[in-house]
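Every chain is numbered from 1 and lettered A, B, ... according to where its sequence line falls, protein lines coming before strand lines. All heavy atoms count here, side chains included; hydrogens, waters and symmetry mates do not.
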Number of protein chains: 2
Amino acid sequence: MPKDRAPTRIQKKNRAAILEAALNVFSAHGFRGATVDQIAAEAGLSKPNLLYYFPSKEAIHTALLSGLLDTWLAPLHDLDENGEPMEEILSYIKRKLQMSRELPRESRLFANELVQGAPRIHDALSNDLKALVDQKAAVLTHWMDQGKIARLHPHHLIFSIWALTQHYADFDVQVRAILGDEDPFEGAAPFIDTLYRKLLTP
Amino acid sequence: MPKDRAPTRIQKKNRAAILEAALNVFSAHGFRGATVDQIAAEAGLSKPNLLYYFPSKEAIHTALLSGLLDTWLAPLHDLDENGEPMEEILSYIKRKLQMSRELPRESRLFANELVQGAPRIHDALSNDLKALVDQKAAVLTHWMDQGKIARLHPHHLIFSIWALTQHYADFDVQVRAILGDEDPFEGAAPFIDTLYRKLLTP
DNA sequence: CGTGAGTTTGACCAGATGGTCAAATCAAGA
DNA sequence: TCTTGATTTGACCATCTGGTCAAACTCACG
């Protein structure tokens, strides 16, 4: 294990390669289904070499998840209470859908973890995530009080956005199996936009 | 392996116990994360005894999935083109949400499989499922042509219903971590109902 | 160019896991 | 009750997998 000095050029390169490979493998097979050998091979390292940079499989997984959680929640974090309500929400939705298109591995990484009861990130959910969602729910409620958007259960409104947008990344195979050649996001973007315009108009 | 005569009393009982246990274990840990020992223990059998009824872990999983696929798709199958459009759709949604509440294990079983690329049911998706969805999409389009419901992309309308309802089963931990004591379905049912009333009204 | 820290690897280990098998036990009909 | 097929099990095996370790190699820098 490298000392805790400033990371060398090689350390930076290899750590990045490992996390990139781990994202591929964990998102495609889940924690249990992923093997250290697989990750090492995909990162272009031998298994002992990989374990020189991370002490265990679990450590790689944890590093990945906590490193990506901020990225994942950034769009919600950026929802601005001083912005124009309908515009803010629609642009949040647009960003979330874009993330499903551009970062499907990240989406599936979290989906894998959540579907199996989130054994490794349960704390982050009930603390950080809950706090963020509660705060943004308050913003939504405020907008509803002002009559700027229709009155709805704010938490379920957020859940609905997550469900609708992440569905296209998490269940990509199913969506594509049904749509055939048609690009999923081509149709999804206007559909979801229309849906929330109708739903949120007071 | 039992001969292919009529199943004995014991065979019926044990097969059922195995599938029930397998549903628990596979839905909670995914295919790779589940172990035969775990399933056997939960079914009250020894591992060799379990393998007397099913030739392999894979065979149990396949039997489960194909046995449950019909159950899972029954609500969509029952969508009646001769019924009153808005009523039919809202009752389909209600049934789907009820299934998320009452059969969360089944939902997560499929979610686990789909999120990992559906390696074991890809054929069923592109054949049976696609056919069913295309057929029902045609029904929806017909209703739109008649002006009975708002014009929308029928496939994405169906996806949205799946996403919104199954979210509550698949990502149960996350939903509960955020809602705290509040019953998820208590709020979800009216929210989703309102959403589709607004969306579908022409 | 020498040296010490940083990096890489082949060989290895222990435990978990899917699966087999022959022998033992049980159940039900004649 | 006796027989025969159904059921159950303990012991066992091969493979996979996460992880270790000492030795070898490479790199940066004085």
Side-chain angles (χ1 to χ4, degrees), chain A residues 1-65 112-113 116 119-120, chain B residues 1-65 112-113 116 119-120:
Chain A
M1 348 141 179
K3 302 289 167 63
D4 53 3
R5 307 180 187 175
T8 69
R9 173 182 57 87
I10 295 178
Q11 273 169 40
K12 267 190 208 168
K13 193 194 67 178
N14 283 346
R15 277 179 185 280
I18 290 169
L19 290 175
E20 169 70 14
L23 176 56
N24 275 334
V25 178
F26 281 134
S27 69
H29 304 289
F31 180 79
R32 194 64 173 7
T35 74
V36 177
D37 276 303
Q38 222 178 332
I39 298 172
E42 193 141 339
L45 301 173
S46 66
K47 181 168 60 166
N49 199 9
L50 181 151
L51 289 169
Y52 169 73
Y53 291 98
F54 288 90
S56 68
K57 179 184 176 183
E58 178 111 22
I60 307 172
H61 193 249
T62 301
L64 243 197
L65 282 173
N112 258 304
E113 184 68 9
Q116 291 178 19
R120 277 167 285 272
Chain B
M1 342 125 186
K3 303 288 167 61
D4 54 1
R5 307 182 187 175
T8 68
R9 172 182 57 89
I10 295 177
Q11 275 171 37
K12 267 190 209 166
K13 193 192 65 177
N14 284 346
R15 277 178 186 278
I18 291 169
L19 290 175
E20 169 70 15
L23 176 56
N24 276 333
V25 178
F26 282 132
S27 68
H29 305 288
F31 180 78
R32 194 70 176 356
T35 75
V36 177
D37 276 303
Q38 222 178 333
I39 298 171
E42 193 141 337
L45 300 174
S46 66
K47 181 168 59 168
N49 198 10
L50 181 151
L51 290 168
Y52 169 71
Y53 291 98
F54 289 89
S56 69
K57 180 185 177 182
E58 179 112 22
I60 306 173
H61 193 249
T62 302
L64 243 197
L65 283 173
N112 258 303
E113 183 69 9
Q116 292 179 18
R120 277 168 283 272

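Phosphate contact (OP1/OP2 of C:dC21, side-chain N/O of B:Tyr52, threshold under 4.0 Å): absent. Between B:Thr8 and D:dT7, a side-chain N or O to OP1/OP2 separation shorter than 4.0 Å is present. Listed pair A:Arg9 / D:dC27 fails the phosphate criterion, with no side-chain N or O lying under 4.0 Å from OP1 or OP2. Regarding contacts with the backbone of C:dT7, a side-chain N or O of A:Gln11 is found under 4.0 angstrom from either OP1 or OP2. In terms of phosphate contacts, A:Tyr53 brings no side-chain nitrogen or oxygen within less than 4.0 Å of OP1 or OP2 of C:dG6. One finds a side-chain N or O of A:Asn49 lying less than 4.0 angstrom from the OP1 or OP2 phosphate oxygen of C:dT9.
In this structure, the NZ atom of A:Lys12 is 18 Å from the P atom of D:dC27, given to the nearest Å. Rounded to whole Å, atom P of C:dG6 lies 13 Å from atom CZ of A:Arg15. To the nearest angstrom, P of D:dG19 lies 8 Å from CD of A:Glu58. Summarising the geometry, the separation between NZ on A:Lys13 and C1' on C:dT8 is reported as 12 Å, rounded to the nearest angstrom. The CD1-P distance, from A:Ile18 to C:dT7, rounds to 11 Å in whole Å. Taking atom CG of A:Leu51 as the reference point, atom P of C:dT7 lies 15 Å away to the nearest angstrom. In this structure, B:Ile10 places its CD1 atom 6 Å from P of C:dA28, rounding to the nearest Å. The separation between B:Leu45 atom CG and D:dT9 atom P is 8 Å, rounded to whole Å.
The CD1 atom of B:Ile18 lies 7.0 Å from the OH atom of B:Tyr53; values are rounded to the nearest 0.5 Å. Atoms NZ and OG1, from A:Lys13 and A:Thr8 in turn, are 9.5 Å apart once rounded to the nearest 0.5 Å.
The nearest pair of heavy atoms linking A:Glu113 to A:Arg120 is OE2-N, 2.8 Å. Here the shortest heavy-atom pairing between A:Thr35 and A:Val25 reads N-CG1, 4.4 Å.
When distances are taken from the side chain of B:Ser46 to each of C:dG19, D:dT9, C:dT8, the shortest belongs to D:dT9. Distance from the side chain of A:Lys47 is smallest to D:dG18 among D:dT9, D:dC21, D:dG18. Side-chain proximity of A:Pro48 to the nucleotides C:dA27, C:dA11, C:dC21 is greatest for C:dA11. Side chain of A:Ser56, nearest nucleotide from C:dG19, C:dT9, D:dG19: D:dG19.
Using the six-membered ring where Trp is involved, A:His61 and A:Phe26 have ring planes that are perpendicular, over 60° apart on the 30 and 60° scheme.
Using a 4.5 Å cut-off on side-chain heavy atoms (C-beta onward), A:His29 and A:Gln38 make contact.
Exactly one of B:Thr62, B:Val36, B:Leu19 qualifies for a side chain to side chain contact (heavy atoms under 4.5 Å, CB included) with B:Phe54. That residue is B:Leu19.
A heavy atom closer than 4.0 Å to some atom of DNA chain D occurs in A:Ala34, A:Thr35, A:Val36, these being the qualifying members of residues 32-44 of chain A.
Each of B:Phe31 and A:Leu50 was matched to the nucleotide of DNA chain C holding its nearest heavy atom; the match closer to the 5' end belongs to A:Leu50.
A:Arg32 forms no cation-pi arrangement with B:Phe31, by the criterion of a distance under 6.0 Å to the ring centre and an angle within 45° of the ring axis.
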